[in-house]
Engineer: 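I'd like to ask some things about the structure below.
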Amino acid sequence: MDAFEGSVWIVSKAGGRTEAPTRQWFELWDFFDSTGLSEDHVRFCRERTDKLPVCLELGINHFIDERIHIMQILRGAVAYLYLFGDKTQNRSARRWVTLVVHGDEAYEAIVRNLLRSSGEGAG
């Protein structure tokens, strides 16, 4: 949250039956208070392809997902893509996506890319 000055979003594909339980889960686990994410920074899409226009509208430049299909949709529109999962899969995507196994690894990759894009740590 600090690295992005609070400009963090959840963009999730969820049909009508999934959105309500997801919102209940957020409430049950006190998600917004514990993470500092604003409740109005959650966007639900009915189709996975709808993530692209949302990312463009919000100016999202770092995106994490576990589906290579989503990465392919966002490729070229979102500067930094982080794919969760087994690093032995999707090896051909390594040129244009950062493969990460867990949250700590994603965090380290994001910070590394933020430093590069800001000019710090270059050299």
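Throughout, residue positions are numbered sequentially from 1 according to the sequence presented.
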Engineer: Report yes or no: does Ser7 contribute a side-chain atom to a donor-acceptor pair with the main-chain N or O of Phe4 at less than 3.5 Å?
Structural biologist: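 No.
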Engineer: In terms of heavy-atom contacts, does CD of Glu47 have more than 12 from other residues, nucleotides or ligands at under 6.0 Å?
Structural biologist: no
Engineer: What are the two closest non-hydrogen atoms of Trp9 and Leu37, and how far apart are they?
Structural biologist: N-CD1, 4.3 Å
Engineer: What residue pairs, at least two apart or across chains, pass side-chain hydrogen bond (donor to acceptor under 3.5 Å, both in side chains) with a residue in residues 63-75?
Structural biologist: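 The answer is Lys51-Asp65.
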Engineer: Verify, without hydrogens or angle tests, whether His41 (side chain) and Val8 (backbone) share a donor-acceptor contact under 3.5 angstrom.
Structural biologist: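 A pair under 3.5 Å: yes.
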Engineer: With rounding to the nearest 0.5 Å, note down the distance linking CG in Asn113 to OG1 in Thr98.
Structural biologist: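 So the gap between those two atoms works out to 5.5 Å.
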Engineer: Any idea how Phe44 and Phe26 line up, ring-wise: parallel (<30°), tilted (30 to 60°), or perpendicular (>60°)?
Structural biologist: tilted
Engineer: Are Leu99 and Leu81 in one and the same hydrophobic cluster, where Ile, Leu, Val, Met, Phe, Trp and Tyr link if side-chain heavy atoms are under 4.5 Å apart?
Structural biologist: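 Shared cluster, yes.
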Engineer: Does any pair with a residue in residues 6-20 pass salt bridge (charged side-chain N to carboxylate O under 4.0 Å, His left out), and if so which ones, sequence neighbours excluded?
Structural biologist: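 Pairs touching residues 6-20 that pass the test: Glu19-Arg23, Glu19-Arg46.
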Engineer: How many angstroms lie between OG in Ser38 and CZ in Phe32, if you round to the nearest 0.5 Å?
Structural biologist: 8.0 Å
Engineer: Phe63: which residues meet the ring pair (Phe, Tyr, Trp, His ring centres under 6.0 Å) condition with it, sequence neighbours left out?
Structural biologist: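 If we apply the ring pair (Phe, Tyr, Trp, His ring centres under 6.0 Å) test to Phe63, skipping adjacent residues, there are no hits.
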Engineer: Would you give the length of the straight line joining atom CG of Asp50 to atom CD1 of Ile73, rounded to the nearest 0.5 angstrom?
Structural biologist: 9.0 Å
Engineer: Verify the neighbour count for atom CG of Asp40: are there more than 12 heavy atoms of other residues, nucleotides or ligands below 6.0 Å?
Structural biologist: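 Enclosed: over 12 neighbouring heavy atoms sit under 6.0 Å from CG of Asp40.
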Engineer: Say you draw a straight line from CG of Asn61 to CG of Leu114; how long is it, rounded to the nearest 0.5 Å?
Structural biologist: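 CG of Leu114 is found 7.5 Å from CG of Asn61.
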Engineer: Between Tyr82 and Val78, is there a shared hydrophobic cluster once you connect ILVMFWY residues whose side-chain heavy atoms come closer than 4.5 Å?
Structural biologist: no
Engineer: Drop me the distance from Ile70's CD1 to Thr49's OG1, to the nearest 0.5 angstrom.
Structural biologist: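 Interatomic distance, Ile70 CD1 to Thr49 OG1, rounded to 0.5 Å: 8.0 Å.
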Engineer: Counting heavy atoms not belonging to Tyr107, are there more than 12 under 6.0 Å from its OH?
Structural biologist: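 Open: at most 12 neighbouring heavy atoms sit under 6.0 Å from OH of Tyr107.
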Engineer: Work out which heavy atom in Leu74 is nearest to a heavy atom in Leu52; give both atom names and the distance.
Structural biologist: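 The answer is CD2-CA, 3.6 Å.
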Engineer: Just wondering, do Cys45 and Val54 contact through their side chains at under 4.5 Å, heavy atoms?
Structural biologist: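 In short, these two side chains touch, coming nearer than 4.5 Å.
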Engineer: I need the Ser117 OG to His62 NE2 distance, nearest 0.5 Å.
Structural biologist: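 Interatomic distance, Ser117 OG to His62 NE2, rounded to 0.5 Å: 5.5 Å.
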Engineer: Hydrophobic clusters here meaning ILVMFWY residues chained together by side-chain heavy-atom distances under 4.5 Å, can you tell me if Val11 and Met1 are in one?
Structural biologist: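 No, it is not one cluster - the side chains of Val11 and Met1 are not joined through contacts under 4.5 Å.
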Engineer: Does Val42 belong to the same Ile/Leu/Val/Met/Phe/Trp/Tyr cluster as Leu58, with side-chain heavy atoms less than 4.5 Å apart forming each link?
Structural biologist: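 Val42 does not cluster with Leu58.
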Engineer: Are Ile110 and Val100 in one and the same hydrophobic cluster, where Ile, Leu, Val, Met, Phe, Trp and Tyr link if side-chain heavy atoms are under 4.5 Å apart?
Structural biologist: yes
Engineer: Using the side chain to side chain contact (heavy atoms under 4.5 Å, CB included) rule, take Phe84 and Val101 through it: C-alpha gap first, then chi angles, then the decisive distance, then the call.
Structural biologist: CA-CA 5 Å; Phe84 268 120; Val101 176; over 6 Å; no
Engineer: Could you tell me whether Trp96 atom CH2 has more than 12 heavy atoms of other residues or ligands within 6.0 Å of it?
Structural biologist: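 More than 12 within 6.0 Å, yes.
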